[in-house]
Amino acid sequence: MSALYPVLEHTDRVSQYVQYVDQVNFTSLKFPVTLPQIRQFERLNTQLTVNVYVHHKGDIIPFYPTKHGVRGKHIDLLLFKDGVKTHYTWIKSMSRLVNSRTEHNGKTYFCPHCCIPYSSQISFDNHFSDCSN
């Protein structure tokens, strides 16, 4: 909800997002949402796409890349695992998350398929068309 309906204050409070619950279809999903249910969530909400990443040995790795093309809104999630417990958190800025992997001082354009950061939009665009195929 925080990715879809940003608020200015107290972003950590669930009460800020309760009013938007009816805007997203959660029918047939069981909570906590498992990774296989992300695909179902995308089928129920045809205006949304979701990528799920994990942090492994210092790298951000795609764990569930969406199978859908461009839709109205895209959400990147980071999956934390502790044994059988899991938790998703919204990646507000992928550039900030992966920028430490480069020596570039500025915005980083991150390929969601291969996780390579690019320092310019042109370089990213040239790469992305091939990589997404």
Side-chain angles (χ1 to χ4, degrees):
M1 290 303 199
S2 63
L4 298 174
Y5 305 100
V7 295
L8 299 176
E9 295 181 346
H10 309 293
T11 58
D12 58 324
R13 295 184 184 170
V14 173
S15 61
Q16 295 284 60
Y17 307 102
V18 172
Q19 62 186 332
Y20 302 113
V21 169
D22 293 336
Q23 302 299 314
V24 180
N25 188 346
F26 293 105
T27 307
S28 76
L29 296 180
K30 294 180 181 168
F31 290 88
V33 174
T34 61
L35 195 60
Q37 288 182 299
I38 298 289
R39 180 171 285 134
Q40 177 65 17
F41 176 80
E42 287 183 309
R43 279 190 215 122
L44 293 170
N45 298 281
T46 58
Q47 75 283 10
L48 302 175
T49 57
V50 178
N51 284 342
V52 178
Y53 297 90
V54 293
H55 185 262
H56 181 70
K57 296 182 181 178
D59 284 329
I60 302 300
I61 300 168
F63 200 64
Y64 171 83
T66 185
K67 307 287 187 253
H68 302 283
V70 177
R71 289 183 170 180
K73 183 72 176 173
H74 178 75
I75 302 168
D76 287 320
L77 299 174
L78 187 60
L79 175 62
F80 292 99
K81 289 184 169 189
D82 182 17
V84 295
K85 294 180 183 178
T86 60
H87 178 75
Y88 299 94
T89 189
W90 172 40
I91 301 172
K92 190 172 185 179
S93 173
M94 187 64 82
S95 177
R96 287 183 188 159
L97 182 62
V98 300
N99 202 28
S100 64
R101 292 173 39 190
T102 71
E103 293 183 16
H104 178 68
N105 188 13
K107 182 173 180 170
T108 302
Y109 301 87
F110 179 80
C111 178
H113 302 291
C114 66
C115 297
I116 295 175
Y118 290 88
S119 59
S120 75
Q121 181 75 50
I122 293 169
S123 298
F124 170 74
D125 289 344
N126 289 338
H127 165 82
F128 187 72
S129 61
D130 290 334
C131 192
S132 61
N133 289 330

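Quick note: residue numbers are just sequence positions, from 1.
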Query raised in the report: Can you name the residues that form a side chain to side chain contact (heavy atoms under 4.5 Å, CB included) with Gln23, not counting sequence neighbours?
Result: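 If we apply the side chain to side chain contact (heavy atoms under 4.5 Å, CB included) test to Gln23, skipping adjacent residues, the hits are Tyr5, Tyr20.
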Query - Residue list, side chain to side chain contact (heavy atoms under 4.5 Å, CB included) with Ile122, at least two apart or on another chain - result: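 So Ile122 forms a side chain to side chain contact (heavy atoms under 4.5 Å, CB included) with Ser120, Asn126.
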Query raised in the report: Who pairs with His55 by side-chain hydrogen bond (donor to acceptor under 3.5 Å, both in side chains), at least two apart in sequence or on another chain?
Result: none
Query raised in the report: How would you list, by chain and number, every residue that makes a side-chain hydrogen bond (donor to acceptor under 3.5 Å, both in side chains) with Tyr109, sequence neighbours excluded?
Result: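 side-chain hydrogen bond (donor to acceptor under 3.5 Å, both in side chains) list for Tyr109, sorted by chain: empty.
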Requested in this report: Kindly say whether the aromatic ring centers of Phe31 and Phe26 come within a distance under 6.0 Å.
Outcome: yes
If you measure from [atom1] on [X] to [atom2] on [Y], what distance do you get to the nearest 0.5 Å?
X	Y	atom1	atom2	value
Leu48	Phe41	CG	CZ	5.0 Å
Leu79	Thr89	CG	OG1	10.5 Å
Thr66	Asp76	OG1	CG	10.0 Å
Leu44	Gln37	CG	CD	10.0 Å
Gln47	Asn25	CD	CG	9.0 Å
Cys114	Ile61	SG	CD1	12.5 Å

Report task. Could you list all the ring pair (Phe, Tyr, Trp, His ring centres under 6.0 Å) pairs where at least one residue sits in residues 68-98, not counting sequence neighbours? Result ->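 Residue pairs passing ring pair (Phe, Tyr, Trp, His ring centres under 6.0 Å), neighbours aside: none found.
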Query raised in the report: Looking at side-chain heavy atoms only, is the closest gap between Leu77 and Asn51 below 4.5 Å?
Result: no
Query raised in the report: Would you call Pro112 and Tyr53 a side-chain contact if the rule is heavy atoms closer than 4.5 Å?
Result: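 Yes, their side chains come closer than 4.5 Å.
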Query raised in the report: Counting only heavy atoms not in Lys67, do more than 12 sit closer than 6.0 Å to its NZ atom?
Result: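 Yes, because the 6.0 Å sphere around NZ of Lys67 holds more than 12 heavy atoms from other groups.
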When clusters are formed by joining ILVMFWY residues with side-chain heavy atoms under 4.5 Å apart, either directly or through shared neighbours, do [X] and [Y] land in the same one?
X	Y	result
Phe63	Phe110	no
Tyr64	Val24	yes
Val33	Tyr17	yes
Ile75	Ile38	yes

Query raised in the report: Does any N or O in the side chain of Glu42 come within less than 3.5 Å of the main-chain N or O of Val50, such that one atom is a donor and the other an acceptor?
Result: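 Yes, the answer is positive, given that a donor and an acceptor are paired below the 3.5 Å cut-off.
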Query raised in the report: Nearest heavy-atom pair of Cys111 and Phe128: which atoms, and what distance?
Result: SG-CD1, 4.3 Å
Give every donor-acceptor pair under 3.5 Å between a side-chain atom in residues 7-15 and any protein atom, sequence neighbours left out.
unit_1	atom_1	unit_2	atom_2	d
His10	ND1	Arg13	NH2	3.4

Query raised in the report: Run the side chain to side chain contact (heavy atoms under 4.5 Å, CB included) check on Gln40 and Leu29 step by step: do they pass?
Result: CA-CA 8 Å; Gln40 177 65 17; Leu29 296 180; 3.7 Å; yes
